[in-house]
Q: 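To start, I am sharing the structure in question, which I have written as structure tokens.
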Amino acid sequence: MSRKQTKIEITSKATPPTEAEPEQWGNGLEFLFSCISLSVGLGNIWRFPYIAFQNGGGTFVIPYLIALLVIGRPVYYLEISLGQFSGRGVMKAFDVAPLMKGVAAGQMVATACSITYYSSIMALTLRFLVASFSFVLPWSYCWPSWGGDCHDGLDVNATGKLSPAQLYFEREILHEVANINEGLGLPNWQLVVCLAVAWLIIGAVLIRGIKSSGKAAYFLGVFPYVVLLILLIRAVTLPGAWDGIVYFFKPQWRELLNPLVWYAAVTQVFFSLAICFGTLITYASYNNFNRNVYNDIVIITTMDSCSSIIAGCITFGILGNLAKQTGITDIGSVVKGGAGLAFISYPEAIAKFEYVPQIFAVLFFLMLFVLGIGSTVGMGSCILRVIRDQFGSRAGPSWVLASSLAALGFAVSIVYMTPGGQFILNLVDFYGVSFTALILAIGELLAIAWIYGVQRFCADIKFMMDIETGWYWRICWSYITPGLMSAVLVYTLLDMAALTYKAVPYPTMAHVFGCLLAALGLIQLPGWALYAVFKHPGGTLWQKLCAASRPSDTWGPANAQVAN
């Protein structure tokens with residue numbers, strides 16, 4: 001098809017120019033730095049180290065890098081191109097294949113789950129930030145109330161004891177319970193206050209709109225790297241640090257055959273790059289239609305993977321130091337896994353700074369907090385854009401929508417502020433986000449590469465950016481990426497064990513809740529497919545199915561003027 005023909009076809013399908021013009025980024029750099037602040041976030045600094053820790057260190061790095069090349073980067077390019085071409089939020093973007101619109105709806109469920117527990121991590125960060133202004137860092141020494149469970153690094157025999165940082169996090173911040181068989185407990189009022197502050201800031205940024213967040217992205221995209229490099233230099237100079245870093249990069253080859261390791265790598269790529277949650281499609285929808293995003297994609301995905309590796313080196317360098325202090329030869333058993341690993345190992349490193357460690361503590365937790373802002377604002381923007389696309393002016397003013405989202409998000413997130421909150425976080429992460437995201441990602445690839453068609457999608461990219469799509473992208477979109485994700489899903493289902501948190505099993509009711517949460521996201525696929533099929537009047541079932549597989553009448557650039 002010639003470019004002229006493509007232009008005519010798109011013009012005929014585009015939304016009438018009477019539609020209100022959506023917001024746009026002030027310039028290309030705002031989009032670039034916003035994507036960096038979205039992708040380089042808590043998924044890298046908080047989630048990557050503990051996922052790598054749970055999956056054998058170096059054993060995890062290899063499948064992670066492979067997944068990044070054949071899944072992460074291709075899907076990133078696909079979503080950015082889809083969002084920029086359509087100029088709409090994720091639900092409207094899936095007018096490209098109405099039969100698969102349930103993918104977008106399911107991604108909204110996963111995004112809603114993610115924003116609640118990401119905000120809870122921000123609350124923990126604020127709690128540590130406040131504690132960082134203490135004259136002596138409270139996680140740098142053993143408290144009398146901890147008795148003989150603590151070692152301060154000077155004990156001759158510290159075997160079986162825990163570090164002050166771990167005990168401070170588990171006993172003073174979380175007040176964590178051993179299990180949730182008897183309930184979650186009452187929320188910690190200090191953490192609830194921190195959670196309220198976090199949601200007030202998230203809501204304020206969302207109220208000001210995409211241009212405000214674009215300006216803030218310059219700081220959010222650069223500041224974390226400065227702090228990470230400072231921490232990396234300090235971490236590698238600790239005694240025993242190189243043993244931990246070697247553990248991080250040295251693979252246990254037999255574990256590469258473990259499908260759960262590959263499952264963890266694939267889902268970590270989703271979190272690390274923020275793909276398959278609708279956020280990238282939303283951010284790209286604010287782009288200039290003809291912007292060439294190819295170089296942006298290479299820059300963002302490269303910086304994202306480097307951030308994860310740096311964070312892993314810092315964490316495992318500190319674990320190597322802890323192993324040397326405690327006399328434990330197996331670095332993998334120094335501390336327990338879990339989402340709290342980043343709140344144990346990083347503070348441990350900061351406490352070892354010889355001069356004014358409080359300054360570095362403030363810098364680190366401020367960095368972690370602004371990373372959380374970048375991630376949660378992206379998720380919130382995605383949800384709000386879907387509401388505006390669906391209901392238009394009937395949805396109400398932007399400040400009402402943003403305030404309502406913040407209030408609802410705060411109310412739901414309080415559950416993570418209880419003594420059993422980390423159990424719920426782990427449960428929601430597995431059932432509501434990681435598991436469903438993998439299935440929905442496969443559906444997304446099928447919708448674009450097979451139902452809409454790679455050739456048509458590449459023609460759209462050619463029309464939009466005037467560049468040819470290489471064979472690498474075409475093969476990945478059509479075969480490698482969906483094939484690898486499907487294989488990981490099948491093997492994971494066959495070899496899946498009951499979910500635990502720190503080796504503690506969940507009660508039956510918790511698994512029931514998790515399954516219902518997963519079902520809420522996955523039921524969107526058949527639900528929207530049936531709606532798309534049966535809304536077409538007349539014809540046979542096959543004709544209805546074919547009609548539902550074709551792009552809707554409104555598919556095309558949101559602004560018809562781009563085709564002129």
Q: Could you list the residues that satisfy side-chain hydrogen bond (donor to acceptor under 3.5 Å, both in side chains) with Q524, not counting sequence neighbours?
A: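 So Q524 forms a side-chain hydrogen bond (donor to acceptor under 3.5 Å, both in side chains) with W528.
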Q: Would you say the side-chain atoms of Y501 pair up with the backbone N or O of L425, donor to acceptor, closer than 3.5 Å?
A: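 Between the backbone of L425 and the side chain of Y501 there is no qualifying donor-acceptor contact (under 3.5 Å).
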Q: Judged by atom type as modelled, is there a donor-acceptor pair below 3.5 Å linking the side chain of T418 to the main-chain atoms of I414?
A: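 No, the answer is negative, given that no donor and acceptor are paired below the 3.5 Å cut-off.
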Q: Got Y76 and C35 here, is their nearest side-chain heavy-atom distance under 4.5 Å?
A: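 Yes - at least one pair of side-chain heavy atoms lies under 4.5 Å apart.
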Q: Would you check if there is a donor-acceptor pair between the side chains of E348 and Q166 at a distance under 3.5 Å?
A: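 E348 and Q166 do not have a side-chain donor-acceptor pair below 3.5 Å.
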Q: Under the 3.5 angstrom rule, does the side chain of T279 hit a backbone N or O of M379 as a donor-acceptor pair?
A: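 No; judged by distance alone, with no hydrogens or angles, the pair does not exist.
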Q: Would you name the heavy atoms of S381 and T282 that are closest together and state the gap between them?
A: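 Nearest heavy atoms, S381 then T282: O-CG2, 3.9 Å.
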Q: Are F435 and Y263 side-chain neighbours, meaning at least one heavy-atom pair lies under 4.5 Å?
A: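 Counting from C-beta outward, F435 and Y263 do come under 4.5 Å.
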Q: Applying side-chain hydrogen bond (donor to acceptor under 3.5 Å, both in side chains), can you list everything that pairs with Q268, at least two apart in sequence or on another chain?
A: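 So Q268 forms a side-chain hydrogen bond (donor to acceptor under 3.5 Å, both in side chains) with R47.
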Q: On a heavy-atom basis, which atom in C113 and which in G432 lie closest, and how many Å separate them?
A: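 Residues C113 and G432, closest heavy atoms: SG-O, 4.2 Å.
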Q: For the pair S134 (side chain) and L137 (backbone), establish whether a donor and an acceptor sit closer than 3.5 Å, ignoring hydrogens and angles.
A: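 Side chain of S134 to backbone of L137, a donor-acceptor pair under 3.5 Å: no, none is there.
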Q: Which heavy atom in V70 sits nearest to a heavy atom in I480, and how many Å separate them?
A: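 Shortest heavy-atom contact: CB-CG2, 3.8 Å.
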Q: Given 3.5 Å as the limit, does a donor-acceptor pair link the side chain of W262 with the main chain of P63, or not?
A: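 Not at all, since once roles are kept as given, no pair shorter than 3.5 Å links the two residues.
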Q: Can you check whether N426's main-chain N or O pairs, donor with acceptor, with Y117's side chain at less than 3.5 Å?
A: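 No.
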Q: Please list every donor-acceptor pair under 3.5 Å in which a side-chain atom of residues 182-197 meets a protein atom from a residue at least two apart or in another chain.
A:
from	atom 1	to	atom 2	distance (Å)
N188	OD1	Q190	N	2.9
N188	ND2	I173	O	3.4
N188	ND2	H175	NE2	3.4

Q: How far apart are the closest heavy atoms of T125 and F365, and which atoms are they?
A: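 Heavy atoms of T125 and F365 come nearest at CG2-O, 3.0 Å.
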Q: Checking T315 side chain against G312 main chain: does a donor-acceptor pair fall under 3.5 Å?
A: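 Side chain of T315 to backbone of G312, a donor-acceptor pair under 3.5 Å: no, none is there.
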Q: Can you check whether L363 reaches V226 side chain to side chain, under 4.5 Å on heavy atoms?
A: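 Answer no - side chains too far apart.
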Q: Carefully, step by step, assess S119 and S413 under the rule side chain to side chain donor-acceptor pair (under 3.5 Å).
A: CA-CA 7 Å; S119 63; S413 302; 3.0 Å; yes
Q: Got a donor-acceptor contact below 3.5 angstrom from the S308 side chain to the N44 backbone?
A: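 Checked: no pair found.
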Q: Can you tell me which residue among Y168, F133, F364, F369 is in a ring-ring contact (aromatic ring centres under 6.0 Å, His included) with F128?
A: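 So the option named by the test is Y168.
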Q: How far apart are the closest heavy atoms of I115 and G380, and which atoms are they?
A: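 Distance-wise, the nearest heavy atoms are CD1-N, 3.7 Å.
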Q: Walk me through whether R127 and E172 qualify under salt bridge (Lys or Arg N to Asp or Glu O under 4.0 Å).
A: CA-CA 11 Å; R127 180 68 179 83; E172 307 303 325; over 6 Å; no
Q: Strictly distance-based, threshold 3.5 Å: is any side-chain N or O of D304 a donor or acceptor partner for the main-chain N or O of I300?
A: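 Not a single qualifying donor-acceptor pair exists.
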Q: May I ask you to decide if M303's main-chain N or O and Y225's side chain share a donor-acceptor pair within less than 3.5 Å?
A: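 Side chain of Y225 to backbone of M303: a pair is present.
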Q: Would you mind reporting whether S375 and M122 have side-chain heavy atoms less than 4.5 Å apart?
A: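 Counting from C-beta outward, M122 and S375 never come under 4.5 Å.
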Q: Looking only at heavy atoms, which two atoms of M100 and F94 are closest? And how far apart?
A: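 Looking at all heavy atoms of both residues, the shortest contact is O-CD2, 3.5 Å.
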Q: With ring-ring contact (aromatic ring centres under 6.0 Å, His included) as the test, pick out the partner of F48 among F270, F316, Y64.
A: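 Filter result, single survivor: Y64.
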